[in-house]
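Side-chain atoms are counted along with the backbone in the values below, which use heavy atoms only and exclude waters and symmetry mates. All of these numbers come straight from a predicted model, not from anything done at the bench.
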Amino acid sequence: MSIARRIAEFATGPIAPDAEMARYVRMSLLDWATVGIAGRDEPVSRAARAVALSEGGDGATLIGGGRAAPRAAALANGAISHALDYDDTHFGHIGHPSVAVIPAALAVAEAREIDGAAFLDALAVGLETACRIGDWLGRSHYEAGFHQTGTSGAFGACVAAGRLLGLDADAMTHALGLTATRASGLKSQFGTMGKPLNAGLAAEAGVTCALLASTGAHSSEMAIEGAQGFGPTHAAAMQEAAWAGLGERWVFKGISYKFHACCHGLHAMLEALRSLGPINPAQVEEIEITTHPRWLAVCNQPAPETGLGAKFSYRVTAAMQLLGIDTAALDSYSDATCARPDLIALRDKVRVVTDEGLADTASRVRLRAAGEVHEASHDILDAGDTNGIADRLREKSESLLGAKVAQQLSDEVSGMESATGVSGFTVLLAQH
């Protein structure tokens with residue numbers, strides 16, 4: 001059976017997400033809306049919204065206001081929600097699944113006036129597919145220069161949109177084949193507006209290909225893994241194990257949320273420091289951070305002078321954590337923070353070392369203060385129970401949006417399963 005057919009049968013058939021998977025879907029929906037609203041005025045957000053509005057059309061809401069055709073809304077909302085790079089990450093997927101899948105599904109659900117339960121089911125199918133495809137593509141695909149958020153994300157967006165459009169397995173197979181010739185995203189765009197636009201373009205591709213298939217457009221069933229297909233031409237590892245238990249075991253539950261507004265490579269270290277509890281920064285003598293060597297080229301700026309640079313610095317963010325500076329708040333990362341004498345003094349006591357045997361999702365810290373040694377480690381895949389995650393996501397939402405808006409969003413997401421449509425949710429996206 002081809003990969004497209006295997007996914008299509010899963011995506012169009014009956015599904016039964018367990019309670020934990022259903023909760024992760026809702027938590028990701030809340031987190032997606034939170035970072036989307038918080039990023040609505042970023043330059044890339046304004047550009048993407050302006051293009052969507054210029055095309056005219058109606059049917060779907062844009063984050064920050066206005067309406068557009070579903071395809072254009074998916075593109076804009078995908079870019080807007082990834083503008084801050086503060087959205088969820090799946091390390092099996094090697095990317096950000098929600099920013100591609102949710103905008104595609106939401107645009108179709110709103111335009112077709114589909115109820116909340118069906119919308120959540122489509123999200124489950126799309127998010128799971130994105131993670132499975134990302135795993136199948138593997139690290140070889142990522143290391144070759146492809147951005148899985150844009151590539152595997154497009155396939156997840158396609159099946160989410162296709163399920164809401166009522167595609168049968170044959171049409172869904174063709175939609176996936178069409179997506180194989182549209183999916184794209186390059187790591188060379190990192191550091192530019194192209195990175196968040198990769199997410200938006202993936203969402204748009206998913207909607208467009210699902211719509212084309214709904215009108216009878218055909219494609220090659222072997223377009224994903226066949227000769228000159230997506231996998232062979234995009235340096236895919238083509239890991240067959242990625243499909244084990246599809247429809248029975250939900251790998252999306254391995255999703256990791258960002259609770260710090262900085263590079264995800266710093267989060268394990270920050271969580272380890274957080275677990276030590278309060279330590280008087282004036283008594284700190286030295287700090288040793290151990291990480292996987294892969295991160296040195298990503299987030300080890302030793303003495304950045306800008307807020308943006310601080311987001312990619314073990315030394316600065318460790319000092320921020322110890323000084324009680326809120327690493328979840330966007331405005332904490334500023335040139336002024338980098339210039340604080342107390343932060344510089346603490347920053348210069350940090351030493352970063354590497355261990356190839358350490359998972360790239362983990363970090364160890366060793367801190368000496370007043371002659372006493374404190375040690376801790378953390379792996380961000382060990383996220384703890386869902387109640388604790390949900391509490392921290394609410395805190396993040398309140399930090400970014402304020403308590404009132406955060407509560408309104410939480411209420412809409414909590415009641416989504418019984419909602420007659422998604423309009424209450426999209427009203428909040430437009431207003432704030």
Side-chain angles (χ1 to χ4, degrees), residues 85-86 88-95 139 142-143 253-304 309-328 332-333 337-338 342-386 388-389 391-392 395-396:
D85 211 343
Y86 206 175
D88 58 19
T89 303
H90 195 284
F91 286 89
H93 171 289
I94 318 180
R139 186 159 290 281
Y142 185 79
E143 296 296 345
K253 293 190 291 186
I255 197 71
S256 178
Y257 299 101
K258 283 190 171 185
F259 298 118
H260 309 276
C262 55
C263 177
H264 222 144
L266 304 173
H267 289 216
M269 175 271 293
L270 289 169
E271 290 294 310
L273 283 176
R274 183 174 180 266
S275 72
L276 294 177
I279 291 176
N280 184 349
Q283 296 179 335
V284 173
E285 298 160 17
E286 64 176 8
I287 308 153
E288 182 181 270
I289 297 165
T290 305
T291 186
H292 189 281
R294 176 175 292 123
W295 292 113
L296 292 189
V298 180
C299 49
N300 192 36
Q301 293 191 28
K311 292 185 176 187
F312 297 90
S313 173
Y314 280 106
R315 300 177 80 209
V316 168
T317 53
M320 289 170 65
Q321 175 74 36
L322 291 167
L323 288 167
I325 299 170
D326 186 4
T327 54
S332 293
Y333 300 85
T337 296
C338 291
D342 57 343
L343 183 137
I344 292 172
L346 197 53
R347 178 201 74 192
D348 290 345
K349 295 177 182 178
V350 177
R351 184 166 66 100
V352 181
V353 299
T354 63
D355 179 356
E356 288 189 356
L358 194 64
D360 61 5
T361 56
S363 186
R364 295 192 301 268
V365 297
R366 185 178 185 276
L367 183 151
R368 191 172 75 237
E372 187 174 344
V373 173
H374 307 265
E375 294 181 305
S377 61
H378 186 82
D379 189 322
I380 55 177
L381 295 185
D382 300 330
D385 67 279
T386 53
I389 296 170
D391 288 343
R392 292 194 69 183
E395 291 172 6
K396 174 181 175 180

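- Of the inter-residue distances, the one linking Q321 atom CD with I279 atom CD1 reads 10.0 Å to the nearest 0.5 angstrom.
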Quiz: residues 259-266 side-chain donor-acceptor pairs under 3.5 angstrom, not counting sequence neighbours:
unit_1	atom_1	unit_2	atom_2	d
H260	ND1	T327	OG1	2.6
H260	NE2	E271	OE2	2.8
H264	ND1	T89	OG1	2.9
H264	NE2	S256	OG	3.3

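- Side chain of Y142 to backbone of H93: no donor-acceptor contact under 3.5 angstrom is found.
- A side chain to side chain contact (heavy atoms under 4.5 Å, CB included) with V365 is found for one member of T291, I289, T290, L270 and no other, namely I289.
- We find that K311 and D85 are not joined by a salt bridge, their nearest charged nitrogen and carboxylate oxygen being 4.0 Å or further apart.
- Of all heavy-atom pairs spanning G388 and D385, the tightest one is N-OD2, 2.9 Å.
- Expressed to the nearest 0.5 Å, how far NZ of K258 lies from CG of D88 amounts to 10.0 Å.
- Surrounding CZ of R392 are more than 12 heavy atoms belonging to other residues, nucleotides or ligands, all under 6.0 Å away.
- Contact record, Y314 with V352: CB-CG2, 3.8 Å, taken as the closest heavy-atom pair.
- Closest of all the heavy-atom pairs between D326 and S332 is O-OG, 2.6 Å.
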For this session: Start with the C-alpha gap between T317 and Y333, add the side-chain angles, then the distance that decides, and say whether side chain to side chain contact (heavy atoms under 4.5 Å, CB included) holds.
Result: CA-CA 9 Å; T317 53; Y333 300 85; 4.1 Å; yes

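- In terms of heavy atoms, A359 sits closest to D379 at CB-OD2, 4.1 Å.
- The minimum heavy-atom distance linking P302 with R315 is given by the pair O-NH1, 2.9 Å.
- Note that NZ of K396 and CG of D391 are 14.5 Å apart. Values are rounded to the nearest 0.5 Å.
- Rounded to the nearest 0.5 Å, atoms CE (M269) and SG (C299) are 8.0 Å apart.
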For this session: Check step by step if side chain to side chain contact (heavy atoms under 4.5 Å, CB included) holds for W295 and D360.
Result: CA-CA 8 Å; W295 292 113; D360 61 5; 3.8 Å; yes

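- Between the side chain of E356 and the backbone N or O of P293 there is no donor-acceptor pair closer than 3.5 Å.
- Screening R368, R351, R364, E375 against E288 for a side chain to side chain contact (heavy atoms under 4.5 Å, CB included) leaves a single residue, R351.
- With a 4.5 Å cut-off on side-chain heavy atoms, H378 and S275 do not count as touching.
- In this structure, the separation between CZ on R347 and CE on M320 is 13.0 Å, given to the nearest 0.5 Å.
- L276 and A376 make their closest contact through CD2-CB, 3.6 Å (heavy atoms, listed as atom of the first residue, atom of the second, distance).
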